[in-house]
Every structure is written in structure tokens, then in C-alpha cells.
Amino acid sequence: MVAKGSAAKARAGTTVENVEVARIFRELADLLEIQGANPFRLRAYRNAARSIEELPESVDAIARSDPDRLCELPGIGKNLAGKIVEIVTSGTLAALREVSRELPRGLTTLMGVRGLGAKRARALYDGLGIHTLKQLERAARAGRIRDLAGFGEKTEQHILQELAARSPGEQRVLRSVAAQYGETYLTYLRALPGVLQAEIAGSYRRCRETVGDLDILASVKPRTPLVGHFVGYPEVEEVMAQGPTKASVRLRGGVQVDLRVLDQESYGAGLYYFTGSKAHNIAVRRIGQKLGLKVNEYGVFRGKRRIAGRTEADVFRVVGLPWIPPELREDRGEIDAARTGMLPRLVELGDIRGDVQMHTTASDGRNTLEEMVEAVRTLGYEYLAITDHSPALRMVQGLDRDGFRAQMKHIERLNARLRHVTILRAGEIDILAHGALDLDDETLAEMDLVVVSIHSGFDLPEPKQTERVLRALDHRSVDILGHPTGRILNRRSPIALDLERVLRAAAERGIMLEVNAQPDRLDLDDVSVRAAIEVGVRLVISSDAHAAAELRFMRWGVDQARRGWARKEDIANTLPFREFRKLLHARR
DNA sequence: GCCGTTTTCGGCCCGACTGTTTTCAGTCG
């Protein structure tokens, strides 16, 4: 199916997406694994897939214009460069067709079932001819799987459970939701006497926008029965595994939580190890190896002697690196940066001086302007922009020209008597179908700050969508492009946009891009944040609050920006009000 | 299949738990 879709696209003359190339490589790796191919070859395909996925520019464009440059991408050599060119030009991959002559493509979906890997997929196919989830379920129900060598009754039951559990809960959990589950669990665990330290590690600690599961790490005094306490948590629905130092449970609501218990001497090494990412850990372990050291979750060892483990900083120190913030640990260049003293000093929540997108009851907000101002004051910000919607957004009753003018007058009166905080007269103006703005030029020119966003026409093809956005950015009153890709996590894909061109245009015109901090938007994403900074685009982090309580979403946006290597100076709303205002004036 | 402050050949991260095994393979993170 993958190859067919690509072929159709290639014929239509449009580009093959990076994620699609990555998916083909992953599928090929899975099939090769089932065939029993050299494991390092599989790793090469999977590394390449990841590398392509994280590439902020189009691999299709590189393949067409300058194929030699493909070999400069991490994990891509001559062979894989050739395969990328083949995918981009023909839409298919001969190697994939070849493997699927021997093995049905569907076999790889079996590997998506927890507990089934390549070996068992192969056994299921060879023994029972199973290559779809439906066949798998039927065979399990009929009790035919238990007779296969290496399988048993328990495995069969487990497969049925996994199949039953999977349909609704395949999505990753939003970081903000994971935070609620995780922090409560943590409080419960810490309350057990004998628990010395406990933290959430994994992708949650790395501040990824979504998490697959939660990894909790704890150190205890000897003989503390933490695993028992862990599985006894009232919200636990199912205990999936339980050993002396490790356990996995599934909570009501479907979130999986893993616990690892270590003693204090190993806590730092364990925290480091289970924070990941896997790719980062492997890279650092390799450095350790070259120094004659063994790095594992219990510490760093020279021979049998542990030379580090109590803290993360110790682990980094003995392999010759400074401590690297978890947000950067993705093996995207942070290790080289650390080695050469080039790690960025990342922006922090405390650096934020203003919030420049929020809504009031004048459009779709739930609190009045005065209530929002008061809430902003409590947070200690110096300024805020009120950015109610424009008229095109019918369903929320956006403001029209007169509405905005009345609101601006109102704000002027409020500003006259406010101290310590200034309200910017602003709006979130819709970008209409062909890139025109949803408010007259005169009113726009009177505003202190103009955010423009797309709220309709999400499905335009890339060239049209890109032209539409570029045209909107041509408007001289525009200051900020709001939630630039329009994606909603787990619900709506990003619009098709040539982000490179948009970034270049924004850089030229001094237009800022938003990192929208709504936990289901987090738009721009981490890779795009970094790409924006690299071409010199200034960013803002905005809560886009639709209620006073949502002003606190700012933290999710800051996390996201940090993952994109953003420093304080990359984020315009870390500026004091005078300087931020100067920045706005300089544009006009 | 990639990659190189030991290398263009010979490496490529490491340990816990489960279930099916009589000492370990498979899977996962």
C-alpha cells in the first residue's frame, strides 16, 4: 500500500514526504528482520528512517536537486542514498518488492502487537500461515497458537488481551495528560517510607510533546517494598510484569507505567539511562567504550570498579562531557555541541515577560478582558496582547472592524490606569483562502500587534497553501504567524507547507513565528523550531489561552522551544516591554 | 548497511522479565 500511494504521488508530480520514505525503510527493516537478516543492516535502515524523519528539509528535494548531498545525512551512505533517489523518482523500492515476494507485507503488522517480534511473526506465518491481525485473533481464539514451538497458553491469552486493548488506545498521550497521571503517581510512590528519590524519566523528562508510556525511576533504602507498593496503586488496572527491581502496569485510561528501582549509588546512572533517548544513550555509550568504560543503568565501570553512578553529572563527567539537558538528548548533534562547549543555554519559563496571544469573551474566550489582565498580572508578566478572532471565524463570532475598534478604545482606557502591565491592542486575524487578511488595512495598521493564522482550508495542496501563507506574510501590518502548521496532535495533520520558504520569507521580513503552547497544538514542533532559529527567524511562545487558567499552558510551549534548542534571545517575548515594543515598531 | 582521534575492515549497547524451557530465546526499553 505504501509503495502504491507513493507511485501515484510521483506520477502526479508531487513530492514524496520524508515520513513516507522513513516508513518504507522501516517496513523493509521489519521484513528483513523476519527473514533473519544481519541485525546491523536492520539498524542501518532504522537509523536512516529516523534521520530522514527528523530532517527539517525535504529529502525529496535534495534527492532531485543534489543527490550527492544525501550521503552527508547521518546514517545514510551510498546504498541508502540510491534507495532514496529510487523512492523519490519511481515511488517504489525494488528491494521492498523483492522481500515481499517471499513474505506478505502484512506480517510487519504482527510485530506491532506487544510481545510479538520478528521471530514469532515468522513462526506464526510458517506454522499457521498467519499474516494479518484478523487471522491472528481467529487462531488465538481457536487455541491453535499454543501448539506452536516456543508459544504456550499464556502467550496465546496475552495476544488476545493485546488485540482487545489496542483498538482505542493506540495513540500516544499528550504531555499535559501524562503529567497529570505521572505526577500523582509519583506523589503516591514518594509517600512510602524508605523511598529516597523518585522521578519520571523517559520521553516525559525529555519533554516530548506526546509520550507512549511513563518511566518512573526510584532509589530506595535496602528492603523497601516499593514494587509491591507500585502495583498496589489504586488506579492500576493490570499488572503486566513484576520482578524484584522492575514492574509494568496499565492504569485505568490505558496509560502504561514502568517502574525501575535502584540503590542510591546507581540512581544517577539509572536516571540518565532511562531518560534516553535510546539513540543518545548508544552514542554516549560508544564514547565510553572508546575510553575503556562500560556504561549501563547501574553506573559507569572501569573493569569491575564503578567510577560514577550517583548523579547524572558524574556519569557525563567521566565520559568527558558536561551535563546535557534532557530536552536535547536525541542524538541530534548535542553530543558534539557538548564536547566543543557549544551547548545552547536554553530558554526557561522564568525568562518569559509577556504573553502575546489570548482570547476573551469578545470572541471565543471564557473570561473577560479584565479577568485576563488580572490573571496575567498575577503571573508577573509585563505585557499581554489581546488577540480575539476576526469575523471569518463565524462559529466563534469573531470581532469585525467596529468590534476591534471598540475593544482598542477600551484597552486604551484600561492602560491609562494600569500599572506594571501593558495591554497590546491586537487581533488574531484569519488568513483567507488566497492569502488575504480578514480585516481592513486601516484597522490592522492601528493595532499594536497582528497575529495571522489559518483556521480553514487546511487541505490545500502544498504549492497553493505555501503561496497563501507567503501572501499573508507580505502584508506590512503582520507581526506574527500563529500556529504555523495548524496541526492538532492525534487529530489533525499539519497543513502541507513548504516551511523552508516560509521561514526564509519570515526571516527577510522580520516576521515572528509562534510556538503555540496549547498542549494539543505545540505548533511549531521541535524540529521546526530549530530550523527557524537556524535561518534567523525570531519566535514567540504564546499560551493562546481561551481562559485565565490556560495562561499556564506557557510551560508546555517553553518545553517545546527548549527541545528546538531555543535560547532566551531566540524568543521575542522574553524581552522587557520597551524592547519588545521597539521590535514591533521597527517592522512598521 | 554505515562508519572511522585505533579502523576502508571489522566492528556495531546492554540488562530485566516472561514464558517455555530444563539452561535460554524472545522481547522490550
Side-chain angles (χ1 to χ4, degrees), chain A residues 25 28-29 32-34 36-51 70-84 95 110-124 145-159 162 201-204 206 211-217 227 231 239-249 256-262 266 269-270 272-301 319-320 331 336 339-340:
Chain A
F25 280 168
L28 183 54
L32 287 171
E33 188 176 5
I34 297 171
N38 175 356
F40 299 109
R41 200 173 147 216
L42 314 175
R43 187 187 294 172
Y45 278 111
R46 288 173 181 149
N47 285 342
R50 178 176 163 276
S51 174
L70 289 172
C71 293
E72 290 168 23
L73 303 176
I76 295 183
K78 267 201 147 130
N79 181 299
L80 287 181
K83 288 195 165 70
I84 294 172
L110 300 188
M111 291 170 70
V113 178
R114 212 195 310 267
L116 296 185
K119 295 283 165 58
R120 287 185 169 153
R122 177 97 224 196
L124 286 164
I145 289 176
R146 65 185 71 174
D147 298 329
L148 283 176
F151 291 77
E153 216 167 314
K154 281 204 167 172
T155 309
E156 194 175 75
Q157 282 313 306
H158 183 75
I159 288 172
E162 282 299 323
S203 55
Y204 180 79
R206 300 201 313 278
V211 302
D213 58 22
L214 288 167
D215 300 294
I216 297 182
L217 197 74
V227 170
V231 300
V239 179
M240 299 160 70
Q242 181 179 0
T245 65
K246 184 176 165 176
S248 292
V249 299
Q256 184 185 326
V257 188
D258 299 334
L259 172 73
R260 272 300 284 263
V261 186
L262 297 163
S266 295
Y272 172 66
Y273 184 86
F274 289 104
T275 296
S277 68
K278 197 171 165 175
H280 167 93
N281 284 354
I282 289 173
V284 168
R285 195 172 288 140
R286 204 175 284 153
I287 294 175
Q289 255 184 343
K290 283 182 186 158
L291 298 171
L293 304 173
K294 188 171 76 168
V295 183
N296 62 27
E297 60 262 55
Y298 301 106
V300 182
F301 298 84
V319 297
D331 193 23
D336 272 345
R339 211 175 355 217
T340 53

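We use all heavy atoms of the structure for the numbers below, so side chains are in, but hydrogens, waters and symmetry mates are not. In what follows, every chain begins at residue 1, and chains take the letters A, B, ... in the order their sequences are listed.
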How far does the C1' atom of dC9(B) sit from the matching atom of dA16(B), given to the nearest Å? 34 Å
Report the residue (Q242(A) or C71(A)) whose heavy-atom-nearest nucleotide on DNA chain B is the more 5′ of the two. C71(A)
Using the C1' atom as the reference point in each nucleotide, state the distance between dG1(B) and dT5(B) in Å, no decimals. 24 Å
Taking the same atom, P, in dC28(B) and in dT22(B), what whole-Å distance lies between them? 23 Å
Length of the CG-P vector between D336(A) and dT5(B), whole Å: 10 Å
For R260(A), answer base if it contacts any base atom (sugar-phosphate contacts may also be present), sugar-phosphate if it contacts only those atoms, and nothing otherwise; contact means non-hydrogen atoms under 4.0 Å. sugar-phosphate
Closest approach to the side chain of R114(A), judged atom by atom: which nucleotide of dC14(B), dC2(B), dG29(B) is it? dG29(B)
Identified pairing partner of dC17(B), criterion: Watson-Crick or G-U wobble below 3.5 Å: dG26(B)
Compare side-chain N and O positions of T155(A) against OP1 and OP2 of dT20(B) and report whether any pair is under 4.0 Å apart. yes
Atom CD of Q157(A) and atom C1' of dT18(B) are separated, to the nearest Å, by 15 Å
Classify P244(A) by what it touches in the nucleic acid, base, sugar-phosphate, or nothing, heavy-atom distance under 4.0 Å. sugar-phosphate
For a quick check of understanding: with a heavy-atom distance under 4.0 Å over all strands, which category does L42(A) fall into, base, sugar-phosphate or nothing? nothing
Looking only at heavy atoms, which two atoms of L217(A) and L262(A) are closest? And how far apart? CD1-CD1, 4.0 Å
Is any side-chain N or O of K119(A) closer than 4.0 Å to OP1 or OP2 of dG26(B)? yes
Determine whether the aromatic ring centres of residues H280(A) and Y272(A) are separated by less than 6.0 angstrom. yes
R43(A) and E33(A) ion-paired at < 4.0 Å: no
Is there a donor N/O on one and an acceptor N/O on the other, under 3.5 Å, for the side chain of Y273(A) and the base of dG15(B)? no
Nearest heavy atom decides the nucleotide; on that basis, is V295(A) or A247(A) closer to the 5' end of DNA chain B? V295(A)
Roughly how far apart, to the nearest Å, are dG11(B) and dT18(B) at atom P? 35 Å
Would you kindly say whether Q157(A) and R146(A) are connected by a side-chain donor-acceptor distance under 3.5 Å? no
Any side-chain N or O of K246(A) under 4.0 Å from OP1/OP2 of dC28(B)? no
Using atom P of each nucleotide, how far apart are dT21(B) and dA25(B) to the nearest Å? 13 Å
Among dC17(B), dC14(B), dG1(B), the nucleotide that comes nearest once only the side chain of K294(A) is considered: dC14(B)
Roughly how far apart, to the nearest Å, are dG15(B) and dT8(B) at atom P? 29 Å
Taking atom P of dG29(B) as reference, at what distance in whole Å does atom CD of Q256(A) sit? 6 Å
Looking at F25(A), is R46(A) sitting on its ring face, NZ or CZ under 6.0 Å from the six-membered ring centre and within 45 degrees of the normal? no
Which pair of non-hydrogen atoms, one from L80(A) and one from Y45(A), has the smallest distance, and what is that distance? CD2-CE2, 3.3 Å
Counting side-chain heavy atoms from C-beta on, which of dC12(B), dT18(B), dC2(B) comes nearest to R286(A)? dC12(B)
In whole angstroms, the gap separating P of dG4(B) from NZ of K78(A) amounts to 16 Å
Looking at dG1(B), does its base get a donor-acceptor pair with the side chain of N38(A) below 3.5 Å? yes
Please report, rounded to the nearest Å, how far the P atom of dC12(B) is from the CG atom of D331(A). 17 Å
K154(A) side chain, from C-beta outward: closest of dT18(B), dT20(B), dG29(B): dT20(B)
Assign E153(A) to base, sugar-phosphate, or nothing according to its heavy-atom contacts below 4.0 angstrom with the strands shown. sugar-phosphate
How long is the line joining CD of E297(A) and C1' of dC17(B), in whole Å? 13 Å
What's the CZ-P distance between R146(A) and dT18(B), to the nearest Å? 21 Å
Using the C1' atom in both, what is the distance from dC12(B) to dC17(B), to the nearest Å? 25 Å
Whole angstrom value for the distance that separates P of dC2(B) from CG of L32(A): 13 Å
Of the non-hydrogen atoms in Q242(A) and V231(A), which two are nearest, and what is the gap between them? NE2-CG2, 3.9 Å
Within the structure shown, what part of the strands sits under 4.0 Å from T245(A) by heavy-atom distance: base, sugar-phosphate, or nothing? sugar-phosphate
Rounded P spacing from dT6(B) to dC2(B) in Å: 23 Å
